[in-house]
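See structure below.
Just the heavy atoms: all of them, side chains too, but no hydrogens, waters or symmetry mates, feed the values below.
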Amino acid sequence: NPDSTELLAGCGYDFLMLCAEHGPNDLRSLQAQLRAAAPYPVQCLIRPPSHDPAFIKQLLGIGAQTLLVPMVDTATQAQSLVSAMRYPPHGTRGVGTAMERASNWNGQPGYFQAADANTCLIVQIESQEALHNIEAIAAVEGVDALFLGPSDLAASLGYLGQPQHPAVRQAIEQALGRIAATGKAAGVYCADAAYARTCSAAGAHFIALGTDAGLLRQAAIRLVSEVRSSVVHLPPVNAET
């Protein structure tokens with residue numbers, strides 16, 4: 001929500017990921033979050049729920065510049081996403097700048113000349129098929145980075161609910177090296193600082209850390225647990241004394 005976006009935008013992160021795949025976000029809430037983050041030196045990545053080119057067009061229209069697209073398994077899918085993000089003749093993005101925040105409603109000079117160059121496409125590698133196709137996906141012109149999603153990757157590898165399983169971690173670390181070797185940026189989600197260091201050493205160029213809901217839940221549980229374990233419970237006061 002815009003308040004948590006604004007709060008986190010000032011916490012020192014390089015980027016925030018605004019999720020419409022699993023989080024209850026729509027175009028209006030995402031646009032409000034982009035506005036909340038705009039005064040801060042932080043980039044916003046938006047994750048759409050699908051590869052729908054119509055929704056991608058709307059995300060770019062509200063001012064998204066970087067999309068983190070889930071479940072990209074093949075180079076063909078990656079090429080379709082590139083096309084959806086670019087104006088003709090290099091793509092299929094529709095033109096409607098008079099109704100779009102991205103162009104300041106036709107108030108931004110030279111918008112069309114710079115629009116394609118100012119967009120960034122990050123594709124998520126989340127399946128065995130995608131792992132097999134890493135080099136082919138990375139070779140697609142217009143794909144700027146590949147990001148490993150541990151939870152779905154774990155499920156695809158037969159370890160549903162176990163993203164920290166050694167076999168999953170091994171696959172991730174090997175994939176990071178393969179992505180880095182292609183010359184494209186490699187990204188990954190890490191649940192803790194120790195694994196972030198491991199992934200960085202394996203080839204990760206950027207790392208996603210935590211979720212706003214997860215951080216809030218963990219901090220709340222930790223605080224109440226600490227208090228309950230340290231507070232001395234005195235016996236009830238005797239009213240007669």
Side-chain angles (χ1 to χ4, degrees), residues 15 17-23 25 45-56 59 64 66-86 91 119-211 213-214:
F15 66 90
M17 192 270 283
L18 313 180
C19 183
E21 182 190 17
H22 298 292
N25 274 313
L45 285 55
I46 291 186
R47 181 163 63 181
S50 70
H51 299 188
D52 180 9
F55 193 64
I56 288 173
L59 290 176
T66 302
L67 299 187
L68 175 67
V69 183
M71 301 291 186
V72 178
D73 296 325
T74 68
T76 300
Q77 290 175 335
Q79 184 59 62
S80 296
L81 292 169
V82 172
S83 180
M85 292 182 65
R86 293 183 173 182
T119 59
C120 175
L121 172 62
I122 305 172
V123 298
Q124 285 197 234
I125 305 299
E126 302 183 273
S127 70
Q128 289 191 65
E129 183 180 9
L131 285 178
H132 177 75
N133 292 324
I134 279 177
E135 285 77 14
I137 293 170
V140 174
E141 181 183 356
V143 170
D144 298 292
L146 288 75
F147 182 90
L148 297 164
S151 293
D152 281 301
L153 191 55
S156 180
L157 294 174
Y159 300 99
L160 178 62
Q162 303 176 69
Q164 298 180 7
H165 191 282
V168 178
R169 290 196 165 193
Q170 182 181 30
I172 287 172
E173 291 159 31
Q174 290 176 347
L176 287 170
R178 289 170 59 197
I179 295 167
T182 70
K184 296 291 176 75
V188 64
Y189 174 82
C190 292
D192 57 69
Y195 194 56
R197 289 190 292 270
T198 298
C199 288
S200 179
H205 298 91
F206 63 105
I207 294 170
L209 298 168
T211 64

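Partners of T66 under the side-chain hydrogen bond (donor to acceptor under 3.5 Å, both in side chains) rule, at least two apart in sequence or in another chain, do not exist in this structure. Considering only residues two or more places apart in sequence or on other chains, N25 meets the side-chain contact (heavy atoms from CB on, under 4.5 Å) condition with A20, S29, L30, Q33. Residues that satisfy the side-chain contact (heavy atoms from CB on, under 4.5 Å) test with A78, not counting sequence neighbours, are V72, I137, V140, V143. Every residue was checked against the salt bridge (charged side-chain N to carboxylate O under 4.0 Å, His left out) condition with E129, not counting sequence neighbours, and none meets it. Under the rule for a salt bridge (charged side-chain N to carboxylate O under 4.0 Å, His left out), R197 has no partner lying at least two apart in sequence or in another chain. With sequence neighbours excluded, the residues forming a side-chain contact (heavy atoms from CB on, under 4.5 Å) with A204 are L176, V188, C199, I207, listed by chain and number.
Among pairs with a residue in residues 69-85, none fulfils salt bridge (Lys or Arg N to Asp or Glu O under 4.0 Å), at least two apart in sequence or across chains. For residues 198-209, there are no side chain to side chain donor-acceptor pair (under 3.5 Å) pairs, not counting sequence neighbours. For residues 46-55, every residue pair satisfying the side chain to side chain donor-acceptor pair (under 3.5 Å) rule, not counting sequence neighbours, is listed here: E21-R47, R47-Q124.
Residue A136 comes nearest to A75 through the heavy atom pair O-CB, 3.6 Å, listed as atom of the first residue, atom of the second, then distance. Looking at every heavy atom in both residues, A180 comes nearest to G203 through CB-O, 3.9 Å. Shortest non-hydrogen contact noted between Y189 and L209 is CE1-C, 4.2 Å. When all heavy atoms of G142 and V82 are compared, the closest pair comes out as C-CG2, 3.7 Å.
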For residues 145-173, which side-chain N or O atoms pair as donor and acceptor with protein atoms under 3.5 Å away, sequence neighbours left out?
residue : atom : partner : partner atom : Å
S156    : OG   : Q128    : N            : 2.9
H165    : ND1  : A167    : N            : 3.0
E173    : OE2  : Y195    : OH           : 3.3

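In this structure, CD in Q174 is found 12.0 Å from CD1 in I179, a value given to the nearest 0.5 Å. For the atom pair CE of M85 and OG1 of T119, the computed distance is 4.0 Å after rounding to the nearest 0.5 Å. The CG atom of N133 sits 8.5 Å away from the CD1 atom of I125 when rounded to the nearest 0.5 Å.
Among L68, V69, L81, the one residue that satisfies the side-chain contact (heavy atoms from CB on, under 4.5 Å) test with P48 is V69.
D144 places none of its side-chain heavy atoms less than 4.5 Å from the side chain of I122.
Other residues, nucleotides and ligands contribute only 12 or fewer heavy atoms inside 6.0 Å of the NE2 atom of H132.
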